[in-house]
Amino acid sequence: MGLAANRWIPNPVLYLRGNLAPLAALGGLILSICALASLYFWSRNQESHLREVQSVRERASADRRRFLHRLDHELKNPLTAIQAGLTNLSDEDLGEYLCNEVAAVRVQVLRISRLVADLRKLAVLENSVLETTMVNPGELLTEVIDVFENSASIQERNLALILPNAPRPLPDVVGDPDLLLLAIHNLLDNAIKFTAPGDTIEVRASENGHEIVIEVADTGQGIPDEELGLVWEELYRSKQARGVPGSGLGLPLVSAIIEKHGGSVDLRSIPSQGTVFSVHLPVRS
Amino acid sequence: MNTKPKLLLVDDETAITDRLAPFLSRAGFEVRVAADGEAALDEILSDSPDLIVLDVLMPRMDGREVLRRLRDKGDWTPIILLTQVGESAERALALTEGADDYINKPFDPNELVARIKTVLRRASPGQPPLSVAERLRSGDLVVDRTKRRAYLNAVEIHLSPKAILLLEYMVTHPDELLTRERLLDAVWGWDYPIGTRTIDTRVAELRRVLGDDANKPRYIETVPGQGYRYIGEVKTIS
């Protein structure tokens, strides 16, 4: 019975092997194609999602710049009038009390004027054409460090410049040397501000085949996770930056300069251990 | 006898002109005010000033248009432009503008007075200023501003883009104390913390290429603690 039953009840495996094998193979193929297709569409989706995020970010940044540009524009006329008015107040007519008050107001007007001037730097940079030459990254970094040579705060920190020599020294990049100097200067200045005497600051550079990566790393107080994306924004001042002098435009200027060079900026940080700012500059092959 | 230089101050912001006009009067000028470009042209027709301080952004007719109309009809009254934000240094330097000098808002009124005095001293009545000359000669040096090239003894010299702009600014402002701040503002478009070094590097490049000895300069003199002065005699080549 068992055998008879066995004979008449088709063995699913045999059945498949016998009759459906080509179909199964086809199904398998279709399934793999579907899987590949969905993987493809998923990744396309991811890509377009990333692109969307990127373009939202770029739009937000452009909006912010436009707003700051208008603000700058609206501030300059009143400031010109205030400066002229203050100049008309002659110190002899004022008496000691008013004289002190006017002096205090003058200082504040200068402070706003400086802010306006800093905002203008961003505007000028955006509207300008880069004047490029070949720039040697090693010489550039050496020059930046020379600028700080005599500052007391740099002498209280362990500053190291680390440049590769194997398999070769860093190749040149195409760039505006003055602007690149300013960008790296701002990163080093920032590192000094957020470290204490005794901390270490490393300025280092490497190449990865298609770009030069310049890093300014420190053993300072670090940046909390929630502030990582914000430090590149114009006028953003970290909670930790209270009491530290600065305009909130140093890092946005770095990012604007590097993007103008077709590069990108990045940072990673471990709170209370330190921060690494990196600049990626394309190398023309 | 009235020997006070006559100024025409053109700006649509009365908050500015009401403060600035009395200040300029006290500084020794006879000051008239116009609120826009059209009013400025009327004022100039009725009594031509010795110098015009001209805001760029104004309703009806802006400062650039006023400048263009005056220069088109051969009126070379010295003009100091009050430039707008985001103006690139190079555009402000462009000879097509025809302005004698420019200053960014907001400015220190004392700085404006210093600029006015310099431009008045430099200006020769009825003649185009050096700042609009296309070609300039200074000793063995020729600067062609339209081509943005320079020649020494008729041989082209090679300079970095910033050095040629700096040279251009210097030869169009001879015999003036050019502070580092002013050079940065004019040539680089802003001042910044490493500016001093940047200027000194480019001046060193100019001296090297021009074969100028800093201790016995023919072209660029160092003014210790302040900046530089272009000391070569400069003439327009027609």
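Within every chain, numbering begins at 1; the chains are lettered A, B, ... in the order of the sequence lines, protein sequences first and strands thereafter. As the structure is a computational prediction, the values presented were derived from the model and not from experiment.
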Quick one: CD on Gln83(A) to NZ on Lys105(B), what's the gap to the nearest 0.5 Å?
12.0 Å
For the CG atom of Leu182(A) and the OG1 atom of Thr198(B), what is their distance to the nearest 0.5 Å?
8.5 Å
Between Val116(A) and Pro106(B), which heavy-atom pair has the shortest distance, and what is it?
CG1-CD, 4.1 Å
Any side-chain heavy-atom pair from Thr80(A) and Glu13(B) closer than 4.5 angstrom?
no
Is Gln108(A) atom CD crowded by more than 12 heavy atoms from other residues, nucleotides or ligands, each under 6.0 Å away?
yes
Which answer fits Asn110(B), side chain, backbone, both or neither, if we ask what part of it has an atom under 4.5 Å from a heavy atom of chain A?
side chain
Between Asn104(B) and Lys76(A), does a side chain to side chain contact (heavy atoms under 4.5 Å, CB included) hold up when you go through it step by step?
CA-CA 9 Å; Asn104(B) 276 321; Lys76(A) 77 189 169 94; over 6 Å; no
For atom CZ of Arg135(B), decide whether the heavy atoms of other residues, nucleotides or ligands shown that lie under 6.0 angstrom number more than 12.
no
Distance (rounded to the nearest 0.5 Å) between Thr87(A) OG1 and Arg26(B) CZ
9.0 Å
Which atoms form the tightest heavy-atom contact between Pro177(A) and Arg202(B), and what is the distance?
CG-NH2, 4.4 Å
Of the backbone (N, CA, C, O) and the side chain (C-beta and beyond), which part of Asp146(A) lies under 4.5 Å from a heavy atom of chain B, both, or neither?
both
What's the spacing between Arg19(B) CZ and Ile82(A) CD1 if we round to 0.5 Å?
10.0 Å
Tell me whether Asn77(A) contacts the main-chain N or O of Ile16(B) through its side chain, where contact means a donor paired with an acceptor under 3.5 Å.
no
Any chance you could measure His185(A), atom NE2, to Arg197(B), atom CZ, to the nearest 0.5 Å?
10.0 Å
